[in-house]
Amino acid sequence: MLTLRFQAGELKLSEVFEVSSNARILTEIINVEIMYEGKTGYGQASFPPYMKEKREVNLGFLSRLDLQTFNSPFHLNEIHRYMDSLSSDQRPAKAAIDMALYDLMGKISGLPVYQLLGLETSNKLYTSLTIGIGQEDFIRRQLEKAKDFTFIKVKLGGNIDYNKHVIELIREHASQPIGVDFNQGIEDKEAAIDMIEWLSGQQVKYAEQPMPVSMEPDYAWLKSRSPLDIYGDESIQTASDIINKHELFHGVNIKLMKCGGISKAYEMVRLAQNLGLKTMLGCMVESTCAITAAAHLGSLFDRLDLDGHLNIADDPYKGIDIQNGELLMPEGEGLGVSAK
Ligand code: MG
């Protein structure tokens with residue numbers, strides 16, 4: 001019998017995190033535990049304010065779930081069908097349930113989750129480090145943290161002068177390749193292509209969601225002219241978005257919180273590859289629990305952006321480590337995550 005426990009909480013950030021739509025010092029979360037035959041599976045849902053998913057609604061969804069009718073975590077697909085029958089949304093809560101079930105399946109099998117999934121273990125995995133929007137002294141502090149990483153991701157927005165200033169500042173101090181994320185900031189396709197052409201001369205490798213979701217009709221135009229790979233993030237939530245929108249982007253950013261967990265992200269990355277898309281595994285501001293869960297899928301992706309736990313002042317979990325940008329998977333079975 002599966003027994004579910006969950007609790008609302010907050011992650012405190014050690015530094016204000018600003019993107020083109022908002023700035024914040026806290027991220028709301030829900031911690032999930034599923035108990036089965038003396039073992040505990042851990043999961044976590046995260047709710048950045050710009051997501052349409054809200055924590056209160058996800059808490060209501062979790063309180064309606066009755067997992068006691070399922071007699072093993074290996075009934076994962078049935079549990080997903082049951083959750084989808086209750087609601088098509090509440091995907092952060094579903095992601096938390098999904099990772100807790102994988103944690104249990106690994107612990108029962110005596111295998112880390114990536115082995116349970118039959119994935120490679122030989123390749124080293126590297127994550128980018130993300131630099132948020134901020135004043136010059138903030139950017140300089142972030143660059144100091146980024147100096148050992150092999151790739152830097154930079155948050156930009158609709159202010160072209162800011163964008164150029166920050167990239168020039170970074171280029172004075174750092175030579176690593178860069179990816180930029182506009183978080184839908186540029187609301188004009190001509191301004192977007194001008195910006196992207198300028199960036200292509202600065203060792204920038206890709207541009208993520210330059211224009212709003214509402215401008216999707218203009219993305220095919222932008223893609224056909226862009227010297228950089230255009231990745232869809234806010235436009236790509238689920239597998240059906242990949243099917244419907246794959247011609248608009250060179251690549252897609254897949255996140256557990258957007259799609260509903262490890263199983264759905266696995267399905268999406270295979271689908272994206274079959275459609276010829278490049279793939280990035282991303283994250284929100286999340287604790288080590290959710291970042292570690294995502295990292296088990298890491299070998300399937302072209303790019304990893306799994307640094308959402310590095311700016312947390314009071315991370316409730318232990319798990320994955322990062323050294324010089326390399327993801328070091330935890331020892332042990334399941335997710336390899338434990339509560340601090
Ligand atoms: Mg993004």
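This is a predicted model, so every value here is computed, not measured. Note that the numbering runs from 1 along the sequence shown for the chain. When a ligand or atom number is given, it counts from 1 through the structure's own listing order.
Restricting Glu208 to its N/O/S atoms, the shortest distance to the Mg ion (ligand 1) is reached by OE2. Looking only at its N/O/S atoms, Asp181 has OD2 as the one nearest to the Mg ion (ligand 1). With respect to the Mg ion (ligand 1), Asp233 has OD2 as its nearest N, O or S atom.
The two residues Tyr114 and His296 make their nearest non-hydrogen contact at N-ND1, 3.1 Å. What you find for Ala191 and Ile186 is that their closest heavy atoms are CB-CG2, 3.9 Å.
Ring centroid separation for the pair Phe249 and Tyr219 comes in under the 6.0 Å cut-off.
Within a 6.0 Å sphere centred on CD of Glu10, heavy atoms belonging to other residues, nucleotides or ligands number more than 12.
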